[in-house]
Novice: 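This is the structure I want to talk about, given as C-alpha cells.
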Amino acid sequence: MDDKKRIRSPRIRKILASLLLGTALVTAGGIMKTGVHVQDYEPKAAKGFCTILVYMVGSDLEGSYGAATEDLGEMEKALQESEIASEDVHVVVEAGGSQNWEYPAMKGKEYGRFCVTGEGAEEFEDMEARDMGEEDTLADFINYGIQSYPAEHYGLVFWNHGSGQISGFGCDSQFDDSSLSLNEIAGAMDHSAMDEKFSFIGLDACLMGNIELAAVLEEKAEYLIASEELEPESGYDYSWLCSLADEIQRSPEDMGSKMGIAMLDSYEGYYKDCDYKLTLSMMDLSAYKGFHDCFNKMMEKTEQMADNRLYQELGRQRKKVQGFGNLAGGSHAEIVDLMDLMEQIAEITGDADGYKQLGKQHKLLVPEKITKGYGSEPSGTSIYLPAGCNEWFLQNMSVYKEIPFCSAYHQFLQKYQDYLTEEDHIDWHSLEKKQQEIMVQVKPEEMDRIAAAYLTVFHDAGREGMAYLLSTDSDVLLDRAGFPKAVPEKQYWGMKDEILCLIETLDTEEYTEYISPVWYRGEICLMYISFSKEEQDGRIRAIAPIGVKKKQYELQEGDTLYPLYPLEQWDGDGRAEVMPQGSSGAAVTGKGVAAGVKSGEIYQDSYYVGKQIRIDSLEEGDADLMLVDADVENCMFGFMIQDTKQNLYYTDFLSGRQNPIGKKGGY
C-alpha cells in the first residue's frame with residue numbers, strides 16, 4: 001500500500017538509554033593494568049578473634065563527596081562505643097583509587113594501608129599508588145591482612161561503585177576508572193595465601209547481589225552480603241561492627257551469618273525514614289550447589305525448547321520482570337530479578353513444578369534479606385539478561401561467556417543472542433484518529449513482535465523542526481486485530497502548575513513507575529515517581545544525579561528545580577530524525593556543565609528547559625504532584641513501539657490540531 005511505512009530507530013532510544021542509565025557505573029573497553037607483586041608478610045599481632053579486610057576504592061565517592069571518610073568515621077565510632085579490644089578485632093583498610101582524601105591519615109596521600117581503631121588510624125603504611133582494578137593488588141592486600149593480623153575468623157568488604165555482572169566492581173580514578181571483573185575477584189583470592197573460606201564477603205557497592213558472583217565465590221566464603229539494587233551514597237551503616245563485641249567470647253561457628261544479619265539490620269535502620277528503593281541480601285553459599293543443580297535442570301529443559309517463539313514470548317513478558325539500576329539496554333534493565341525471570345520462563349514453558357522446586361532452593365540460598373520501596377518484593381538475587389537495543393550487547397556477551405556460571409543458562413543466552421541479532425522489521429499504515437482515539441494499523445501477524453506500545457506526546461519546542469517529549473505511557477490497547485490504540489489526555493502530571501516529562505519505566509498490576517529528568521542542585525538528575533492503588537496521586541521517591549554516582553536526594557524547602565524535556569528533530573513527514581552525532585553527550589553525562597540553565601532555552605541541543613519550580617513549603621504541598629492542563633494544540637500524539645527484542649521505534653504523529661505533521665497545521 002502506498003502509505004505503508006517502516007518503523008525506524010529514532011534518536012529518542014539513545015536519549016532514553018542515557019537517561020535510564022541510573023546511578024550505576026558502566027565501563028567498557030580495555031584498560032592497561034599495572035600489576036602488583038604478591039608477597040608474604042610477617043605477623044604484626046598475635047592471633048585475634050576476627051580480622052576484617054576493607055578494600056576501599058575511593059573514586060569520586062571520596063574525591064567529590066567524602067563518602068569513604070564518612071564510613072571510616074562510622075567504623076571508628078562503632079569500635080570505640082563497643083569497647084572492642086584492638087587485639088581481638090582488627091579492621092584493616094587498603095585505601096586508594098581517589099584523587100584526594102578527607103580522612104586525616106590519608107590527607108595528601110595517594111595510597112595507604114592502616115588499621116581502623118576507636119582512636120583513629122594506626123599502623124599506617126604510606127604507599128605508591130596501585131591499580132585497584134588489578135587482581136594482584138587485591139591478592140596482595142588479602143595476604144597482608146590475613147598474615148599480618150591472623151585471626152579465627154576473616155571478613156572481606158569491597159567498598160566503591162558496583163556495576164553488576166559485566167563491569168564488575170570498582171572505579172579507580174587514578175587508573176582510568178579501572179575495575180575488577182567477577183573472574184578477577186575470584187582470581188585474586190585463588191592467588192592469595194588464603195586457604196580457608198572467609199566467614200563473609202560484603203559488597204558495599206551497587207548491583208552486586210547477583211547469582212553469578214555467588215557462583216564464583218562459592219568456594220571462597222561462607223556468606224555473601226550484597227544488594228541487587230543501587231545503593232545510596234552512604235552505603236552500609238558500619239554500626240554493625242558493634243555486634244562483634246557480643247561474639248568475641250562465644251567464637252560461634254556461624255560467625256558469617258551473625259555478621260550478615262547485623263549488616264542487614266543496621267542497613268534497614270539507617271534508611272528507615274528514606275523513600276529510596278533498597279535491597280540487601282545475605283546468601284548462604286553452602287546452599288549454592290543445591291540451588292545450581294535445580295536451576296541447571298530447569299534451564300536444560302528450557303534450552304531444549306528454546307526457539308524464536310519462546311524468546312518472542314519472553315520479550316512480551318519481560319516488562320513483568322523487575323530490573324535494577326543500570327538500564328543500559330535502552331528501556332530495559334539487563335540486571336533483572338532472578339526469580340521474576342524464572343517465573344516468566346516457567347509460565348512460558350509450563351514448568352510449574354521446576355519453578356516450585358527452584359523457589360525452595362532459593363529460600364535456602366537467601367535465608368535473610370531486606371527490601372524497601374517496591375510494589376512487588378524482589379527475591380534477593382539478580383541475574384544477567386541481555387537486551388537487543390544495547391549497543392554494547394555483543395561486547396557484553398563476550399564478557400559474560402567467561403563467567404563460570406550455569407552451562408545451560410549460557411547455552412540459553414547464546415540462542416537468545418542469535419534471536420536478538422536477527423534482522424526483521426514491522427510495517428504499519430498511517431496514524432488515524434476516530435472520535436477520541438488515535439490508532440495505527442499493524443499486520444495481525446506482526447503484532448506478535450510487539451512487546452509494548454506507549455502513547456507518546458511531544459510539544460512544539462519553538463525551534464523549526466524540533467519538539468520536546470512530554471510523556472510516554474503504556475495505557476495503550478494492543479488490539480489483536482492489529483490496531484494499537486489510545487486516547488490522548490488533556491492533562492499531565494506536574495508540580496506547581498508546571499508539567500514534568502514522565503517516561504514510564506515499569507508497569508505492573510501493583511504499581512507504575514516513571515522517571516522525570518530535572519535540573520537540580522547544579523546538574524542533570526532523574527526524579528523517580530511511582531503510582532499505585534494506594535497512591536493514585538503519585539509519589540516522588542527520590543532524585544538522583546545521572547552518571548557515575550551513588551547519591552540520592554529528597555526535596556527540601558528552599559530547593560529549586562527546572563523540568564527538562566528531551567528534544568527530538570522531525571522531518572517533513574511527521575517522523576523522528578536522528579540528531580547529529582554526539583549532540584547529547586555533555587547533557588546526559590553531566591560533564592562540562594556551565595553555571596546552570598535558563599528557563600525556555602534549549603540546553604546542549606538535548607533538552608528544552610522548563611520554568612523554574614521552587615519548593616517554598618512542603619506543608620502546603622509544593623512538592624506534591626498535580627494534574628496540569630496541556631497546550632494540546634501545540635502537542636503531537638503518536639506511539640513509541642517496543643519490539644520483543646527491546647528496540648524502540650516511533651510511528652507517525654498527529655498534531656493537536658488534528659492534522660498530520662508536515663501538512664496543514666504542522667511543521
Side-chain angles (χ1 to χ4, degrees), residues 17 21-22 24-31 133 135 161-171 177-188 203 205-218 220 224 226-228 283 288 291-292 295-296 298-300 302-303 306 310-311 314-315 318 321-330 332-342 344-345 381-422 645-646:
L21 202 61
L25 168 67
V26 175
T27 60
I31 296 173
E135 68 178 70
H161 291 291
S163 304
Q165 296 90 333
I166 302 303
S167 295
F169 162 82
C171 177
D177 296 339
S178 178
S179 62
L180 285 165
S181 70
L182 304 194
N183 285 349
E184 286 174 324
I185 291 173
L203 276 295
C206 297
L207 306 171
M208 298 305 291
N210 55 73
I211 192 65
E212 296 89 345
L213 182 59
V216 301
L217 295 181
E218 176 197 4
K220 311 293 190 299
L224 172 64
S227 171
E228 291 181 272
M283 298 185 214
Y288 174 79
F291 174 83
H292 174 269
F295 178 83
N296 188 68
M298 189 173 175
M299 288 310 307
E300 281 181 339
T302 303
E303 192 270 332
L310 184 148
Y311 291 123
L314 178 60
R318 188 165 174 164
V321 179
Q322 177 68 55
F324 303 103
N326 174 10
L327 308 189
H332 267 290
E334 294 185 299
I335 300 175
V336 303
D337 190 82
L338 186 154
M339 293 305 292
D340 274 4
L341 174 62
M342 298 310 294
Q344 297 309 314
I345 287 177
T381 314
S382 69
I383 194 169
Y384 174 69
L385 184 67
C389 55
N390 181 1
E391 61 183 307
W392 298 102
F393 161 52
L394 292 177
Q395 179 177 325
N396 291 351
M397 279 294 292
S398 68
V399 173
Y400 190 79
K401 289 173 184 175
E402 299 302 316
I403 299 174
F405 180 50
C406 172
S407 59
Y409 189 68
H410 277 295
Q411 292 167 8
F412 174 81
L413 288 192
Q414 181 58 57
K415 290 184 179 180
Y416 193 31
Q417 174 181 318
D418 295 341
Y419 167 73
L420 293 176
T421 52
E422 285 181 357
K645 300 178 181 181
Q646 300 83 54

Novice: Could you please spell out the steps behind the side-chain contact (heavy atoms from CB on, under 4.5 Å) verdict for Leu341 and Leu314?
Specialist: CA-CA 9 Å; Leu341 174 62; Leu314 178 60; 4.0 Å; yes

Novice: Is the closest side-chain heavy-atom distance between Ile185 and Leu217 below 4.5 Å?
Specialist: yes

Novice: Does some side-chain heavy atom of Leu385 sit less than 4.5 Å from a side-chain heavy atom of Val321?
Specialist: no

Novice: Quiz question: by atom type and distance under 3.5 Å, do the side chains of Asn390 and Glu334 form a donor-acceptor pair?
Specialist: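 Judged by distance alone, the side chains do pair up.
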
Novice: Using atom types as modelled and distance alone, determine if a side-chain donor or acceptor of Asp340 lies under 3.5 Å from a backbone N or O of Gln322.
Specialist: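 Confirmed, Asp340 side chain pairs with Gln322 backbone.
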
Novice: Is the backbone N or O of Ser167 less than 3.5 Å from a side-chain atom of Ser179, with the two atoms forming a donor-acceptor pair by type?
Specialist: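 Yes: the side chain of Ser179 pairs with the backbone of Ser167.
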
Novice: Who are the side-chain contact (heavy atoms from CB on, under 4.5 Å) partners of Ala214, not counting sequence neighbours?
Specialist: Ile211, Leu224, Met283, Leu285, Tyr288

Novice: Measure from the side-chain N and O atoms of Lys645 to the backbone N and O of Gly315, and report whether any donor-acceptor pair falls under 3.5 Å.
Specialist: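 No: the side chain of Lys645 does not pair with the backbone of Gly315.
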
Novice: Give me the atom names and distance for the closest heavy-atom approach of Ile335 to Ser382.
Specialist: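 Between these two residues, the closest heavy atoms are CG2-OG, 3.5 Å.
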
Novice: Using modelled atom types and a 3.5 Å cut-off, is there a donor and acceptor pairing between side-chain atoms of Gln646 and backbone atoms of Cys389?
Specialist: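 Flag not set: sc Gln646 to bb Cys389 has no pair under 3.5 Å.
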
Novice: Which of these passes side-chain contact (heavy atoms from CB on, under 4.5 Å) with Phe324: Asn210, Val336, Leu207?
Specialist: Leu207

Novice: Quick check: do Asn183 and Glu135 have side-chain heavy atoms less than 4.5 Å from each other?
Specialist: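 They are not in side-chain contact.
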
Novice: Tell me which donor-acceptor pairs under 3.5 Å the side chains of residues 407-415 have, and how far apart each pair is, sequence neighbours excluded?
Specialist:
residue	atom	partner	partner atom	Å
Tyr409	OH	Tyr384	O	2.6
His410	NE2	Ile403	O	2.9
Gln414	OE1	Lys401	NZ	3.0
Gln414	NE2	Asp418	OD1	3.4
Lys415	NZ	Glu303	O	3.1
Lys415	NZ	Glu303	OE2	3.0

Novice: According to salt bridge (charged side-chain N to carboxylate O under 4.0 Å, His left out), does anything in residues 161-170 pair up with another residue at least two apart or in another chain? List the pairs.
Specialist: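 Of all non-adjacent pairs touching residues 161-170, none passes salt bridge (charged side-chain N to carboxylate O under 4.0 Å, His left out).
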
